[in-house]
Student: 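Have a look at the structure that comes next, please.
Just so it is clear, the structure is predicted and the values come from calculations on it, not from any experiment. Chain naming here is simple, since letters A, B, ... match the order of the sequence lines and numbering starts at 1 in each.
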Amino acid sequence: MGTTLFEKVWNAHVVTEVKDGPSILYIDKQLIHEVTSPQAFAGIEKRGIGVFRPERTLATPDHNVPTKGQNLPIVEDLSRFQVDKLTDNCNKFGVTLYGLGHASQGVVHVVGPETGTTLPGMTIVCGDSHTSTHGAFGSIAFGIGTSEVEQVLATQCLMQTKAKTLKIEINGKLAKGVTAKDVILYVIAQISAAGGTGYFVEYCGSAITALSMEARMTICNMSIEMGARGGMIAPDETTFNYIKGREFAPKGAKWDEAVAYWKTLYTDADAVFDKTLKYDAADIGPMITYGTNPGMGISVNKNIPTIDSIEESNKVTFNKALDYMGFHAGDSLIGKQVNWVFLGSCTNGRIEDLRQFAEFVKGKQKAANINALIVPGSKQVEKQAIAEGIDKVLAEAGFELREPGCSACLAMNEDKVPKGEYCVSTSNRNFEGRQGPGARTLLVSPLTAAAIAVSGKIVDVREMLN
Amino acid sequence: MEKFTTIQSTVVPLPIEDVDTDQIIPARFLKATTKSGFGKSLFCDWRYNEDGTPKADFVMNNPLYSGKILVAGRNFGCGSSREHAAWAIDDAGFKVVVSSFFADIFRGNALNNGILPVQVSDAFLKSIFDAVAANAKQELNVDLVNQVISITGTDLKESFVINEYKKTCLINGYDDIDYVLSIKDKIEQYEKTSKYLDLLKA
Ligand code: SF4
């Protein structure tokens, strides 16, 4: 019997196995940020040890950083303290840091791929659940807790129980106005926010292989929102073309050798998955969430489910979510006023997302009621956007390009949505209070966000495309 | 880590599904650089009004309910990987969380902090909620050695699954890092023989 992509990469990283227990996996790269690492560094200090392989960890502050005036000291005391702590720890333990102001600083999951740090066949971890993003390159990448960050700092290994494998195959062509974000929101709505728990996903099928690298990252990024540990896509020419020439990509003879190895990273035809799901790309419309977990999504032209269509055990949660959102079962969302738009995050803060948004708003005007936060995922994305004149297009339409960070994705900095307000967001989580206490989040694609930003209310973007 | 064998306690019932870690501990509390003190912010936005006064309808503010066991609806701990969620639960005095389903990362984080996640069937979870609704002082007994959870004073019980290795760690109070550190020679050996690591060298 053949092996799956996941198993191939996994097997290549098993250092040893605990009898009747987990495997010890070697970790090729750990990414760290300011929020989930201080206790891990404190832990190794307490044990009286150092970082075992400092060159295999890369740090950048993102969660707490302001998205304006990054050249100035951070105003908020606790945020500044946490970012300073990251700098101190990196200096003390010899870890490379892309600090504020560095040309490569940004959201960890944007920085990894664009610097060529993320490569096919690697094991990558980070104290952040959206580490699954890096699976788009055919690597095993997943989020871990702080004790595990400490474990990797101390040993470059991680004790892990092997996940089951789930194949998600999507065939066909996406309709106009439908993007990778809609695909993943659709899949999560089908299988629920817990439907992938215990699994590692492999996405495949013609609708997936047709996607650009950035779109693939959007898909893998949200694997965690169905409960899966991670998601992967087999590397192909699209992958190799994206990586070639990036800062840390192999060069010269090493490149050829690497590509030859990466080409072996696919699921064998006779490999067996623990579970398989198939979808048709033609069934997918522009998605929007109406509730308080990413599984509560609908095609924007459909109505919120009625209470009788909800499973008995889920009714309390469903009602609680609608109550929080101020929506009613069975209602349509079209035409509802929205005052906030957030474009950014590790899901949709890359250059293609900014391009898509800018292209749509070009020659139009931001609706008067809209407050927009347009946040590039990294310094490199920001630089590229400026080089392409995207900042100007945005400015002419009444938008402003900010500086990189996680921003309103989790509202740890100043970028918060006020209580009770609706925000269409290209990020990945619509949990209660995620974008600020009492904020109401509706997850959408960058294209739908653009359509709503110029309309001031919820619209079906397809009706605005010629 | 504290050793764990058996716990008998009253419970705090939270019959809500998909409780995500943003609810367990909202992001704005993640700016601390130590592990302690998160308990007072556990479930903050459900537990307190904006002015900091307790919300009367939240279970942790109801004097009838207390204990070392938190019982919650399906898919507990989904969302962000923040271990602060486990620290907050621990700091608030809970030793066990019972649910009919746990999100993966939370389960791991809990175990790494000496909190036992006990996964039960939907039917047994309902029995617990019913028993606690009938009697707020109802106790549960969680026996890690025999892997059995029971509703005391009744014959209702169920066995639960736990990884053998993790069970040994909890019973003895060991942690993973001690173990992995003890096999450093094997890690170095792996580094020497891995073809891929060699390939990635500049
Ligand atoms: S952008 Fe959002 S989801 Fe991504 S790493 Fe930052 S906080 Fe997490």
Student: Contact part of A:K320 toward chain B, heavy-atom cut-off under 4.5 Å: side chain, backbone, both or neither?
Tutor: side chain
Student: Report which part of A:R434 has an atom under 4.5 Å of a heavy atom belonging to chain B: side chain, backbone, both, or neither.
Tutor: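 A:R434 touches chain B through backbone and side-chain heavy atoms alike.
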Student: Please state whether the side chain, the backbone, both or neither of A:W255 comes within less than 4.5 Å of a heavy atom of chain B.
Tutor: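 Neither part; nothing is under 4.5 Å.
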Student: If the plane angle is over 60° it's perpendicular, under 30° parallel, otherwise tilted; pick one for A:Y261 and B:Y196.
Tutor: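 Rings of A:Y261 and B:Y196: tilted, 30 to 60°.
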Student: Given a strict heavy-atom distance threshold of 4.5 Å, which part of A:S129 is in contact with chain B: side chain, backbone, both, or neither?
Tutor: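 Contact with chain B: backbone and side chain both.
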Student: With a 4.5 angstrom heavy-atom cut-off, could you sort out which part of B:F102 is near chain A: side chain, backbone, both or neither?
Tutor: backbone
Student: Name the region of B:K186, side chain, backbone, both or neither, that has any atom closer than 4.5 Å to a heavy atom of chain A.
Tutor: both
Student: Mind ranking B:N113, B:L30, B:I183, B:N163 by heavy-atom pairs under 4.5 Å with chain A and telling me who comes out on top?
Tutor: B:L30
Student: Which atoms of A:A258 are under 4.5 Å from chain B, going by heavy atoms: the side chain, the backbone, both sets, or neither?
Tutor: both
Student: Using heavy-atom distances under 4.5 Å, tell me whether A:T161 contacts chain B through its side chain, its backbone, both, or neither.
Tutor: side chain
Student: Please determine, among A:E225, A:H13, A:E34, the option with the most heavy-atom pairs under 4.5 Å with chain B.
Tutor: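 Greatest number of close heavy-atom pairs with chain B: A:H13.
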Student: Would you mind checking which part of A:I224 comes under 4.5 Å of any heavy atom in chain B, side chain (CB onward), backbone (N, CA, C, O), both or neither?
Tutor: side chain
Student: Taking only heavy atoms into account, what residues of residues 58-80 of chain B are found under 4.5 Å from chain A?
Tutor: B:N75, B:G79, B:S80
Student: Does the side chain of B:Y190 come within less than 4.5 Å of A:Q156's, by heavy atoms?
Tutor: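 Not touching, per the 4.5 Å side-chain cut-off.
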Student: Evaluate the side-chain proximity of B:K31 to A:E76: yes if any heavy-atom separation is below 4.5 Å, no if none is.
Tutor: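 They are in side-chain contact.
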Student: Only counting residues at least two apart or in another chain, list the ones meeting side chain to side chain contact (heavy atoms under 4.5 Å, CB included) with B:D130.
Tutor: B:K126
Student: Name the region of A:F81, side chain, backbone, both or neither, that has any atom closer than 4.5 Å to a heavy atom of chain B.
Tutor: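 It is the side chain, since no backbone atom gets that close.
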Student: Non-hydrogen atoms of chain B under 4.5 Å away: do they reach the side chain of A:S79, the backbone, both or neither?
Tutor: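 For A:S79, backbone and side chain are both near chain B.
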Student: Let me confirm one number: the OG1-CG distance from B:T33 to A:D84, rounded to the nearest 0.5 Å.
Tutor: 11.0 Å
Student: Looking at A:G198, is its backbone amide N or carbonyl O close enough to the side chain of B:D104 to form a donor-acceptor pair, meaning the two atoms are under 3.5 Å apart?
Tutor: yes
Student: As an exercise, state the distance from CG of B:L197 to CZ of A:R56, rounded to the nearest 0.5 Å.
Tutor: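 Here the rounded value is 4.5 Å.
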Student: Identify the residues of residues 144-153 of chain A whose heavy atoms come closer than 4.5 Å to a heavy atom of chain B, ordered by number, or report 'none'.
Tutor: A:I144, A:G145, A:T146, A:S147, A:E148, A:E150, A:Q151
Student: At a 4.5 Å cut-off on heavy atoms, which part of A:F248 comes close to chain B: side chain, backbone, both, or neither?
Tutor: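 Neither part; nothing is under 4.5 Å.
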Student: Is it true that B:D175 and A:R47 make a salt bridge, defined as a side-chain N closer than 4.0 Å to a carboxylate O?
Tutor: yes
Student: Checking A:K85 against chain B: side chain, backbone, both or neither under 4.5 Å from a heavy atom?
Tutor: side chain
Student: Under 4.5 Å heavy-atom distance to chain A, tell me which part of B:Y179 shows up: side chain, backbone, both or neither.
Tutor: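 For B:Y179, the contact with chain A is made by the side chain alone.
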Student: Go through the structure and list residues passing side chain to side chain contact (heavy atoms under 4.5 Å, CB included) with B:K3, not counting sequence neighbours.
Tutor: none
Student: Would the distance check show the side chain of B:Q23 and the main-chain N or O of A:E432 forming a donor-acceptor pair, the cut-off being under 3.5 Å?
Tutor: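 Present.
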Student: With only heavy atoms counted, which part of B:Q189 is less than 4.5 Å from chain A, the side chain, the backbone, both or neither?
Tutor: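 For B:Q189, no heavy atom lies under 4.5 Å from chain A.
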Student: Between B:D122 and chain A, with a heavy-atom cut-off of 4.5 Å, which part of the residue counts as in contact: side chain, backbone, both or neither?
Tutor: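 Answer is neither: B:D122 stays 4.5 Å or more from chain A.
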Student: Under 4.0 Å between a side-chain nitrogen and a carboxylate oxygen: does that hold for A:K19 and B:E164?
Tutor: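 Looking at A:K19 and B:E164, the cut-off is not met.
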Student: Answer with side chain, backbone, both or neither: which region of A:N428 has an atom nearer than 4.5 Å to a non-hydrogen atom of chain B?
Tutor: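 Looking at A:N428, nothing touches chain B.
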